[in-house]
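Okay, so here's the structure we're looking at.
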Amino acid sequence: MAIAAYLIDPAEARYELADLLEKHTRFAPPGDAASSGQLDLDGTAAGPAERAGREALAVHHIAGPIEASLDAQGMANLYHSIENPLVRVLAKMEHVGVGVDTNTLRSINERLTHEVESLGAELREVAGKEDLNLNSPTQLRALLFEERELSPVGVKKTKSGYSTDAQTLEKLKDQWPEFIQPLLRHREVEKLRGTYGEGLLHEVAEDGRIHATFNQTVARTGRLSSDRPNLHNIPVRSDEGRVFRTAFVTPPGTKMLVADYNQIELRCIAHLAADPGLIEAFTSGQDIHNATAARVFGVDPADVTLEQRSKAKMVSYGLAYGMEAYGLGQRLNIPTDEAATILEAYFVAFPNVKAYMDATVQEARKTGYTETLFGRRRPIPELLNSNWRIRQAGERQAMNAGIQGLAADIFKVALVRIDEALAAGGHQAELVLQVHDEVIVEVPDDERDEVGAQIVEIMRDAAELDVPLEVNVSWGDTWAAAKG
DNA sequence: GGCTCATGTAA
DNA sequence: TCTTACATGAGCC
């Protein structure tokens, strides 16, 4: 029920039966329900049995209208063949959980704790403040900008004053290196210790595994989210953060399979925009960022520099987010006009992408919502807001929704089919995690070849686009070992 | 105890 | 002033 309501409006904060009753039926405004005593859902029911009965009655009243609404909006298929079957798949993953080696986790945590303590002592010494709280932006702001009077030229502001985020500290570094250098390091280590070291240890259950919750009605684009803990943001980019992945393990006799889509969002852009250049690059299996750089900077693919490739990569991903010149400039650390030149060159090289973005926004402005290939809708009322800034944000959301949403749809199809195939094949292998475009499966050694091949095939065939879907597979005893 | 803010992880 | 999430500690009520 909640999931059907989510498809109809993914922006709601919650999907409680009492609210749904009010929103989707004319039948029972809350007052009437309470006074009639039939559908009182807010707590005066005598016991669990009576509550359950009332909830069942509420469902009975909502089901018809909501099904009709799904149907009218062309989302019946999305609901019945993807979202609804996915409920059990996610429930099973939550129940199974993922194995964690607490000894590894504790030893990582201990090392980080020591470093944080020694950095803390050093920083308080340098600052000459016994009780400086290094986690307090307020205290840091006072120290840096008031007491030490560092020059805030070009420094971002927050609502409460000058920012003290990492980007800002980098700019200030030369003015007080013996403090700011270790402060940056302290931030980094404290983040890892607090959020991942402590955070993950708190979530390990009696069975030695972590059972996160995978939310199906939270992300407005159709993605899943994870909480308690969030397993979608376990560090991977830095070596130091990535070690946390060594603590995610499989039992003896099994291996961890990690299968992820290769650049699925860019492939979605290529398909949606029907851009010949992008489609050709993906179809012929070129390095997409290299091919993009060659076209954007007008050089031979063989002559693309690493810097050009890296810029092209950021432009590509920025595009999926509805990026503008200003944002690209920030990201690349170059002036806005230079970023604008790069962006223009991109749109000249891939004209259909520009056309797709424009058409998407226009359509969303007209209808009030965007729609993915699978029919998932996202209303964007911001497009009609009187505030220019909010309208602009709406345009970026519109550009992003079809892309991120399509990738999410494809991924969900794959999840449902993987679960089906594992069950049908009588395998013991089990899905244990998913991270937006990646599945992690615990596989008994003797099922390895068969299951591996099966999963790749399912993911590849989850959707038929104008570009091939590529899947990377790796194996290991831990999540870290199975990466790359 | 709950809320917002600033910060920083991920795709 | 580039999307989508979630967790943390500080600081406030």
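In what follows, chains are A, B, ... by sequence order, proteins preceding strands, each numbered from 1.
Residues from residues 85-121 of chain A with heavy atoms under 4.0 angstrom of DNA chain C: there are none. Less than 4.0 Å separates DNA chain C from no heavy atom of any residue of residues 367-376 of chain A. For residues 134-145 of chain A, proximity to DNA chain C is found at A:Asn135, A:Ser136, A:Thr138, A:Gln139, defined as any non-hydrogen atom under 4.0 angstrom from a strand atom. Proximity of residues 314-334 of chain A to DNA chain C (heavy atom under 4.0 angstrom from any strand atom) is restricted to A:Gly318, A:Tyr321, A:Met323, A:Tyr326, A:Gly327, A:Arg331.
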What side-chain donor-acceptor pairs closer than 3.5 Å can you find for residues 200-209 of chain A, not counting sequence neighbours?
{"from": "A:His202", "atom 1": "ND1", "to": "A:Glu198", "atom 2": "O", "distance (Å)": "3.1"}
{"from": "A:Asp207", "atom 1": "OD1", "to": "A:Arg209", "atom 2": "N", "distance (Å)": "3.0"}
{"from": "A:Asp207", "atom 1": "OD1", "to": "A:His211", "atom 2": "NE2", "distance (Å)": "3.2"}
{"from": "A:Asp207", "atom 1": "OD2", "to": "A:His211", "atom 2": "NE2", "distance (Å)": "2.7"}
{"from": "A:Arg209", "atom 1": "NE", "to": "A:Val96", "atom 2": "O", "distance (Å)": "2.8"}
{"from": "A:Arg209", "atom 1": "NH1", "to": "A:Glu442", "atom 2": "OE2", "distance (Å)": "3.4"}
{"from": "A:Arg209", "atom 1": "NH2", "to": "A:Gly97", "atom 2": "O", "distance (Å)": "2.8"}
{"from": "A:Arg209", "atom 1": "NH2", "to": "A:Glu442", "atom 2": "OE2", "distance (Å)": "2.8"}

Name the pairs: protein N/O against N/O of nucleotides 1-5 of chain B, kept only if under 3.5 Å.
{"from": "B:dC5", "atom 1": "OP1", "to": "A:Lys159", "atom 2": "NZ", "distance (Å)": "3.3"}

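Every residue was checked against the salt bridge (charged side-chain N to carboxylate O under 4.0 Å, His left out) condition with A:Glu382, not counting sequence neighbours, and none meets it. Partners of A:Asp227 according to the salt bridge (charged side-chain N to carboxylate O under 4.0 Å, His left out) rule, which considers only residues two or more places apart in sequence or in another chain, do not exist here. Every residue was checked against the salt bridge (charged side-chain N to carboxylate O under 4.0 Å, His left out) condition with A:Arg417, not counting sequence neighbours, and none meets it.
The neighbour count for A:Gln362 CD, taken as heavy atoms of other residues, nucleotides or ligands under 6.0 Å away, does not exceed 12. Shown here is A:Gln286, whose CD atom has more than 12 heavy atoms of other residues, nucleotides or ligands within 6.0 Å.
Within the nucleic acid shown, A:Gln404 comes within 4.0 Å of at least one base atom, counting heavy atoms only. Base engagement by A:Arg223 is indicated by at least one non-hydrogen atom pair under 4.0 Å involving a base atom.
Every pair passing salt bridge (Lys or Arg N to Asp or Glu O under 4.0 Å) that includes a residue from residues 350-359 of chain A is listed here, sequence neighbours excluded: A:Lys354-A:Asp358. Sorted by first and then second residue, the salt bridge (Lys or Arg N to Asp or Glu O under 4.0 Å) pairs with a member in residues 131-154 of chain A read A:Lys129-A:Glu147; sequence neighbours excluded.
Using cut-offs of 30° and 60° for the angle between ring planes, the A:Phe350 and A:Tyr346 rings count as tilted.
From the 5' end on, the contacts that DNA chain C makes with chain A at under 4.0 Å to a non-hydrogen atom open and close at C:dT1 to C:dG11.
At a cut-off of 3.5 Å, with distance as the only test, a side-chain donor of A:Asp101 or A:Thr104 sits close to an acceptor on the other residue. Inspection of the A:Asn109 and A:Arg106 side chains reveals no N or O donor paired with an N or O acceptor under 3.5 Å.
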